Amino acid sequence: MKVSFKINGKKSAVEVPVNRTLSDVLRTQGFWSIKHGCEKGSCGNCVILFNGQAVNSCIQLTAQAEGAEIETYEKYEKSTEYKLLQEVLMDYVDIECAYCVPGMFLSLKALLDKIPDPTEEEIVDALAGHICRCIRDPLPVHQIYDAIKKVRGKF
Amino acid sequence: MLSNLKGYYRPKSIATALGLLDKEAGSVLLIAGGTKLNLTDDPSVKELVDITCLPLNYIKENLGEFRIGATTTLQCLAESPVLGSSSAHIIPKAALLSNHSRMIRNVSTLGGELVTTGSLSVLYCALITLQAQVRIAGGEEFALPMNIFLDKKGLGGGVLVETIVPKTTVPSYSAIAPILNDRGKPMLCVCARISVKKGAFHDTKIAITGTAGMPKRIRVVEKELNGRQLNEAIIIQAADAAYEAYHPATDKFASEEYRKEVCHLVVKRALLDCLEQVMEDF
């Protein structure tokens with residue numbers, strides 16, 4: 001079936017079998033920041049912004065994206081506007097392999113778009129559902145909170 | 001993932017959705033968020049009817065009730081200021097407890113949660129406590145009390161349209177008391193709602209989920225409380241009654257005795273929370 005959506009601001013149309021997941025299809029389109037992980041919505045490695053909300057693309061059918069606005073990490077990887085948020089994750093959190101960073105970044109971006117001054121609890125909630133295999137649980141939310149406090153107002 | 005899936009439809013009206021459903025039994029399924037269905041590989045599913053385009057994403061407050069559309073997401077419920085500031089504030093809390101991942105809550109819908117629920121559903125437990133009804137469209141529209149819907153668990157080819165949560169005519173207070181595992185997932189949960197009339201418990205409703213079987217009311221506690229003066233001692237008596245009346249199974253996760261103890265604890269905790277709200281009000 002033919003599915004049309006906007007991805008990172010550009011119109012796109014794909015012809016896909018009806019049972020293909022969105023993560024599969026977007027990766028074949030070259031959006032490699034979407035990672036394969038658990039494939040059941042538990043690890044957060046495949047997170048995208050779907051109409052502004054963080055969702056797991058591994059449990060979304062491509063057909064469900066008809067007319068949607070999708071954003072992936074590729075949109076922001078070179079953006080100076082979000083450099084600070086990337087630094088929060090890479091420098092402050094001491095992540096080793098960065099496999100989980102795109103998903104976490106998008107979840108934090110969705111949170112900061114909605115709540116520019118989040119509490120530690122709100123950060124915990126936004127990052128629940130993300131698994132970092134390097135640092136394991138619990139995620140260093142306090143460090144992320146401190147880092148966000150330092151750069152507050154600059155996103 | 002749904003290896004025999006051949007068709008996908010996005011109807012714009014309930015009538016069209018019902019028409020699409022009226023095919024070979026079991027081969028056409030409804031989908032809204034799809035967080036549960038998309039994980040299965042049920043070979044009998046051949047077509048999906050996606051109802052996210054239907055105008056069922058709302059939380060409305062009317063004179064005597066709240067109306068919640070079936071495609072309202074769990075995250076919308078969790079963030080609802082209308083529900084959060086009312087005596088139905090256990091619904092947002094239950095929505096938050098339904099899944100710890102915000103990414104899932106952004107997609108999962110109330111309708112999907114109710115239709116696919118298993119033996120542990122905090123939302124169901126909250127809605128039973130609040131005496132909610134579900135409205136089902138399919139031929140004639142009709143409303144069903146939540147507990148009957150739970151027992152029937154079949155929509156008979158219809159579409160769950162909305163959930164109606166009635167308001168009480170006297171001041172009422174509700175609370176939710178979960179026992180969480182180390183991942184923040186509820187293992188057992190009690191929801192309670194009490195009303196106050198002349199300083200006494202009135203129209204108390206209390207339900208439990210996470211035990212063997214579906215979520216259910218604890219009527220022995222309701223009976224113990226109704227008509228009696230509000231105080232902590234009466235609440236402890238009611239929790240004792242729950243302990244005596246409750247006979248859960250022993251399995252690999254917990255013994256009967258442990259479950260009875262936990263039930264006693266959460267019943268007490270939920271009711272004391274309600275009592276604390278009453279005290280704050282007066």
Side-chain angles (χ1 to χ4, degrees), chain A residues 1-4 16-25 37-68 103-104 106-108 110-111 114-115 118 121-131 137-139, chain B residues 1-12 28-43 45-53 57 71 73-76 78-79 92-93 95-109 112 116 180-185:
Chain A
M1 71 181 294
K2 191 179 174 188
V3 185
S4 305
V16 288
V18 72
N19 64 349
R20 287 289 297 280
T21 61
L22 194 51
S23 59
D24 267 354
V25 170
C38 66
E39 305 296 308
K40 56 179 186 176
S42 299
C43 74
N45 287 335
C46 64
V47 162
I48 56 169
L49 295 186
F50 191 93
N51 294 329
Q53 296 200 311
V55 306
N56 297 298
S57 59
C58 69
I59 53 167
Q60 290 274 302
L61 292 172
T62 309
Q64 290 176 279
E66 176 64 39
M104 284 194 197
L106 290 173
S107 282
L108 285 175
L111 173 72
K114 207 167 182 178
I115 309 166
E121 288 73 30
E122 284 161 340
I123 294 170
V124 170
D125 182 55
L127 292 178
H130 284 280
I131 294 173
D137 282 342
L139 289 172
Chain B
M1 180 186 271
L2 299 170
S3 47
N4 287 336
L5 189 65
K6 297 284 178 274
Y8 179 92
Y9 307 99
R10 287 185 125 186
K12 297 278 191 300
V28 187
L29 288 187
L30 281 181
I31 185 173
T35 51
K36 289 184 178 123
L37 180 69
N38 289 348
L39 288 172
T40 65
D41 190 14
D42 184 349
V45 180
K46 290 174 185 154
E47 293 179 337
L48 291 178
V49 178
D50 185 344
I51 58 167
T52 41
C53 288
N57 182 1
T71 61
T73 63
L74 298 187
Q75 188 60 28
C76 283
E79 291 174 352
K93 289 175 184 161
L96 265 179
L97 287 167
S98 292
N99 201 301
H100 79 293
S101 163
R102 179 187 279 250
M103 285 87 77
I104 301 285
R105 291 197 307 268
N106 279 338
V107 184
S108 244
T109 61
T116 60
L180 306 175
N181 68 10
D182 58 351
R183 305 274 309 170
K185 191 179 172 198

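No experiment lies behind these values; they were computed from the predicted model shown. Sequence lines set the chain letters: A, B, ... in the order given, protein chains first and strands last, and positions in each chain run from 1.
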Side chain, backbone, both or neither of A/Ser42 within contact of chain B (heavy atoms, under 4.5 Å): neither
Against chain A, label B/Leu37 side chain, backbone, both or neither, depending on which of its atoms sit under 4.5 Å from a heavy atom there. neither
What option among B/Arg105, B/Arg102, B/Met103 has the most heavy-atom pairs under 4.5 Å with chain A? B/Met103
Segment of B/Asn106 engaging chain A (4.5 angstrom heavy-atom cut-off): both
Can you confirm whether the side chains of B/Thr71 and B/Asn57 place a donor and an acceptor under 3.5 Å from each other? no
Flag the pair A/Cys43 / A/His130 as yes when at least one side-chain heavy-atom distance between them is below 4.5 Å, and no otherwise. no
When only pairs under 4.5 Å are counted, which of A/Gln60, A/Gln53, A/Gln64 shares the most heavy-atom pairs with chain B? A/Gln64
4.5 Å side-chain heavy-atom contact, B/Leu48 and B/Leu2: yes
For A/Glu39, which atoms come within 4.5 Å of any heavy atom of chain B: side chain, backbone, both, or neither? backbone
So do the side chains of A/Thr21 and A/Cys58 get within less than 4.5 Å of each other, counting heavy atoms only? no
Establish, from distance only, whether the side-chain atoms of B/Asn99 and B/Ser101 form a donor-acceptor pair under 3.5 Å. no
The interface call for B/Leu39 against chain A, heavy-atom contacts under 4.5 Å, is side chain
With a 4.5 angstrom heavy-atom cut-off, which part of B/Ala78 approaches chain A: side chain, backbone, both or neither? neither
Side chains of A/Asn56 and A/Val47: closer than 4.5 Å at any heavy-atom pair? yes
